[in-house]
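The structure under discussion appears below in the form of structure tokens.
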Amino acid sequence: MNEIPSRYSPKDTEDKWYKFWEEKNLFSAKADPAKKPFSIVIPPPNVTGILHMGHALNNTIQDILIRYHRMKGEEALWMPGTDHAGIATQNVVEKSIAKEGLKRQDLGREKFIERVWQWREQYGSTIIRQLKKIGASCDWQRTRFTMDEEYSKAVLEIFVRLYEKGLIYRGSYIINWCPRCQTALSDEEAPHRDLEGNLYYLKYPFKDNPDEFVVVATTRPETMLGDTAVAVNPKDKRYKKHIGRTLILPLVNREIKIIADSMVDMKFGTGAVKVTPAHDPNDYALGKKHNLEFVNVMYPDGRMNDLAGDYKDMDRFEAREVILEDLKEKGLLKKIEPHSLSAGHCYRCHTIIEPYLSKQWFVKMKPLAKEALEVVRKGKIKFYPKRWTKVYLNWMENIQDWCISRQIWWGHRIPVYYCKDCQSAGKEESVIVSRAKPDKCPICGSANIYQDEDVLDTWFSSWLWPFATFYWPKESADLKYFYPTSTLVTAPEIIFFWVARMIMAGLEFMGDIPFKDVYIHGTVRDIEGKKMSKSLGNIIDPLEIINEYGTDALRFSLIAITSQGQDVFLAKERFEQGRNFANKIWNASRFIMMNLDPVQTKTCLCEFSKSEDLDIINRWILSRFYSTLKQVNKALDGYKFNEAINLLYSFFWHEFCDWYLESIKAEIKEKENQVVMYKILEKFLRLIHPFMPFISEEIWQNLPHKGESIMNQALPHLQEQLIDKKAEKEADMLFSVIRSARNLRAEIEVKPEQKVLLSVYAHTKAIKKLLADNQALVIKLSNLEGLNLLEAARRPEKTISDVENKFAQVFLHFGSLIDIAKEQGKIRQEISTESKRKEAKERMMANPEFVKKADPAIVENTEREIRELEEKIKRLEKLLDELR
RNA sequence: GGGCGCUUAGCUCAGCUGGUUAGAGCGUCUGAUUUACAUUCAGAAGGUCAGGGGUUCAAGUCCCUUAGCGCCCACCA
């Protein structure tokens, strides 16, 4: 066994085991009525995606849950797949063809979409390969894509059903328009960001008196070209007399009226607001109400159009500057004030959104939201951490209709057709909503029909993910078995986009919630708290970490620093802890394997069923293992991953390695040591496997074992009878004497190789017996020449004492005379600290309220502590006396 | 304008339903290398739990408040 290298090398093991798991088909899940289902649908990454730390965290958490439940004996399905990510993907492919000097319009719709599919063939599996690198145990044979034929059918089905139910409508409204992507966006896709801008005060002259003005304030002066009114509050004394008068809109010389509406805030700006119904949602409402003209002055790409007169073809921001210049020249720019405002930004390209009037398709959300609110309010769906519940409810309560049409090519084309003949006959626009392309117009019978050019919002397909991945609307045994899924693991950014909508879709189309628990993890940030992004250059690439430290190290460290739902501040050095831990597991296992008699691994622990059959150290470590197991289970069931992994870490390193293996080292060939160390290692590997799948498999395969892979073994079964609090206490006592000895050695700088004599006066007979029974252990671990158990509480000559030990007075024999003053100082210090503690406790006891109201166990505890402190102080005083 | 989170050791953070002397990792300091692991071991130093007020027998923990940092939502022209 000497050929096992002394360092764990992830590169030699990871790909090997991943391939093995795949070949053995160990990730696959089937509906099995005999087992409890556990299912997770992956938040489908964009096909354009490459793995970042957020993915690494998100998918590590899911993999831990899946592996954990699989090993618990449940039928665990992790449904993988990718999202076609309409705008993002189209942008990427547009960039790629731009290298050939092409625009998508040059290719035409069909050819362009062909190119996107080609692109997907070539690069679309990158993210999947990368997920495999982090150990994700998805059922890859089920991998879905939101543009798959079956999936697309589900998307159209949903559209048609919602339309038939009257929940989808088409209409002209002010929507969020990205002039760069040239498409409408939903409100969620246009997050507001603060901007430092200006408030411009413009003078609009009266028609009947050009020397008289109304001053309006605006942040977007370029939209003035589309003004069709000026509004004032009817209660505003300043303007009351002007209501109904006509103004001449400067630069365009359009006549516009002053109208009155209570919506106008008298306190803002001048109290008079220019009304641009085609370029502002508020103004749109005013326009509708007051029957104003809607003048759209921009092209879809953000340049001014022919209604903008001289400003035609200028970009909107260029036009702003020129318009201001021109107004200034005419003396119509009264002043400019700095003004901070916020504006929507395209979530794909960060361009400032233009509120834009256009005809789009919408989903009525209020009816869908009703039940989605109920299921969360009633706790049928639970958020972890809980606080996200409120965020969800708040959004759902104020839900707005959802703009679902996008003016791009890549996506599910809207299943709506129009009849050209009807249109040219000037009839009401005929809308044919159909799952398949109709042959002829149902009204006029003409075959001259065409499909709506728009595609659907990507999220309109994502919200079906928990059931469309099971080939809904077909009924299948899998859908029945695995739906509703168990847990959804995602990031907070995605609650509105996806989580909320999945809940609505699930309830509407499946008649049931899509998942029971929603675990929201934090955002991965850099060490300064900034979001990791390419443009900031602060990315830590998970693949680089895997390369340098190993996947298990990556997973360990990510999980260890992620407390429930808090953002993760990441520095590269954090992965050293994971790497070191993997190495520790490796070396402890290596040590065990080098000393393992394979015959003994067949021995059942139950041979030592009576506790006295095992020595204290073995009883202790077994108890500690099962206590840890119990706590880990509890932590995982409550989604406290960091707690679970920290428990495993400190158990293995600080208890199993530092104390247990060191304790049994000299007698490692003893049968009981052989059996216990082997059993614990093997069980520990199973327990750590969900967190660190590769190293656990590698070692487990090299240990004597039954079964083909650790990943389909059962989790260690909790053996309550082996949790032995008495053994834990006794081991603590032994360790504390050993620690005392080590401290004293350090205090007087005894050379490590120098053996010294230790005298101990145990506070109770039980402790004395324990020490007597385990002399060899204490001697070994403190490097003593002997252990002298004292009959009386008297200081032996030329010794120093450990004043802090709770269980015994510990004296280290020191060859020459000791520094009496120092020893006295130490003791006095301790007497003083302990006296203060005792006084504090006595004050508590003297308080009748405490005795009356506190938990009796606490009171009893306090009393006991006072007694113990009293005894300790007495002992210390005696020690001090003896020094005189 | 609302809402949420954070403030605990030099750094990054745990700390659950209030109850022993508040913990970890990293870093620092002392010592150790024929011994499974220097990616290691033994030990040490380091904290008025952001400030103020309150509730309670008892507050890092619950409530109020102030300040700083961060995030989310909102039709502030």
Side-chain angles (χ1 to χ4, degrees), chain A residues 4 6-8 174 187 191-192 199 216-220 223 231 263-265 268-270 272-276 280-285 339-342 355 385 387-388 390-391 394-395 398 400 492-493 495-496 522-523 525 527 529-531 549 553 557 560-561 563-571 573-574 576-577 579-595 635 638 640 642-643 646 649-650 657-658 661-662 665 739 742-743 745-747 749 751-753 781 783 804 833-834 837 841 844 847-855 857-859 861-862 864-865:
Chain A
I4 305 174
S6 70
R7 283 186 184 189
Y8 172 56
I174 299 275
D187 295 341
H192 282 65
L199 198 53
V216 295
T218 179
T219 55
R220 295 191 300 149
T223 62
M263 236 175 92
V264 178
D265 179 357
F268 190 91
T270 60
V273 54
K274 62 192 259 327
V275 182
T276 324
D280 183 278
N282 282 324
D283 294 5
Y284 176 82
H339 180 73
S340 49
L341 67 154
S342 74
R387 66 187 141 93
W388 295 110
K390 215 170 143 185
V391 175
N394 185 47
W395 183 81
N398 298 296
Q400 303 292 314
E493 302 94 271
I495 293 176
F496 307 143
T523 306
R525 300 172 182 283
I527 204 70
K530 295 198 191 83
K531 225 169 169 169
Y549 299 95
S557 291
I561 60 176
S563 69
Q564 200 182 53
Q566 283 307 113
D567 284 356
V568 183
F569 288 51
L570 201 60
E573 299 76 54
R574 297 306 302 246
E576 286 172 13
Q577 195 191 354
R579 178 201 57 187
N580 295 355
F581 186 45
N583 200 52
K584 189 73 183 177
I585 297 173
W586 181 257
N587 274 294
S589 306
R590 175 168 160 252
F591 173 69
I592 288 170
M593 284 189 270
M594 286 193 302
N595 290 287
K640 293 175 180 177
N642 65 323
E643 201 172 304
N646 285 322
Y649 177 86
S650 70
C657 291
D658 290 352
L661 290 180
E662 291 305 323
K665 220 170 215 175
R739 278 199 199 96
R742 287 171 177 173
N743 277 327
R745 294 182 69 110
E747 189 181 324
E749 291 170 14
K751 291 268 176 299
E753 67 274 14
L781 293 182
N783 199 24
E804 286 180 37
T833 332
E834 298 296 67
R837 275 185 64 206
K841 304 261 172 205
M844 277 170 79
N847 182 343
E849 294 294 300
F850 171 69
V851 182
K852 202 165 67 191
K853 291 180 184 165
D855 187 326
I858 304 270
V859 177
N861 230 354
T862 311
R864 205 197 61 235
E865 279 168 337

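Chain letters run A, B, ... following the sequence lines, proteins first, then strands; residues in each count from 1.
Side-chain proximity of A:Lys665 to B:rU39, B:rA36, B:rA14: nearest is B:rA36. In the set B:rA36, B:rC76, B:rC72, B:rA36 carries the atom at the smallest distance from any side-chain atom of A:Cys657. Among the nucleotides B:rG43, B:rC41, B:rA14, the one closest to any side-chain atom of A:Asn743 is B:rG43.
When the C1' atom of B:rU56 is taken as reference, atom CE of A:Met844 falls 12 Å away, rounded to whole Å. The CG-C1' distance, from A:Asn398 to B:rG1, rounds to 14 Å in whole Å. One can place CG of A:Leu341 at 15 Å from C1' of B:rG1, the figure rounded to the nearest angstrom. Remark: C1' of B:rA38 and NZ of A:Lys584 are 11 Å apart, rounded to the nearest angstrom.
Checked against ring-ring contact (aromatic ring centres under 6.0 Å, His included), A:His192 has no partners two or more places apart in sequence or in another chain. In this structure A:Lys390 satisfies the salt bridge (Lys or Arg N to Asp or Glu O under 4.0 Å) test with no other residue, sequence neighbours excluded. Here A:Glu865 pairs with A:Lys841 under the side-chain hydrogen bond (donor to acceptor under 3.5 Å, both in side chains) rule; sequence neighbours left out. Partners of A:Glu834 under the salt bridge (Lys or Arg N to Asp or Glu O under 4.0 Å) rule, at least two apart in sequence or in another chain, are A:Arg837, A:Lys872. With sequence neighbours left out, A:Phe581 forms a ring-ring contact (aromatic ring centres under 6.0 Å, His included) with A:Phe556, A:Tyr649. Scored by the side-chain hydrogen bond (donor to acceptor under 3.5 Å, both in side chains) test, A:Arg220 finds A:Glu354 as partners (sequence neighbours excluded). Residues passing the ring-ring contact (aromatic ring centres under 6.0 Å, His included) test with A:Trp388: none are found, sequence neighbours excluded. In this structure, the salt bridge (Lys or Arg N to Asp or Glu O under 4.0 Å) partners of A:Glu849, at least two apart in sequence or on a different chain, are A:Lys852, A:Lys853. When the salt bridge (Lys or Arg N to Asp or Glu O under 4.0 Å) test is applied to A:Arg7, no partner is found at least two apart in sequence or on another chain.
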Each nucleotide N or O in nucleotides 5-10 of chain B that has a protein N or O under 3.5 Å away: list the pair and distance.
residue, atom, partner, partner atom, Å
B:rG5, O2', A:Gln566, NE2, 3.4

Look for any protein N or O under 3.5 Å of an N or O in nucleotides 26-30 of chain B and output each such pair with its distance, or none.
none

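In terms of position on RNA chain B, the residue among A:Glu804 and A:Lys640 whose nearest nucleotide sits closer to the 5' end is A:Lys640.
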Quiz prompt | Secondary structure of RNA chain B in dot-bracket form (Watson-Crick or G-U wobble, distances below 3.5 Å, | marking inter-strand pairs) | solution = (((((((..((((.....[...)))).(((((.......))))).....(((((..]....))))))))))))....
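At the heavy-atom level, A:Lys390 lies under 4.0 Å from the strands shown only through sugar-phosphate atoms.
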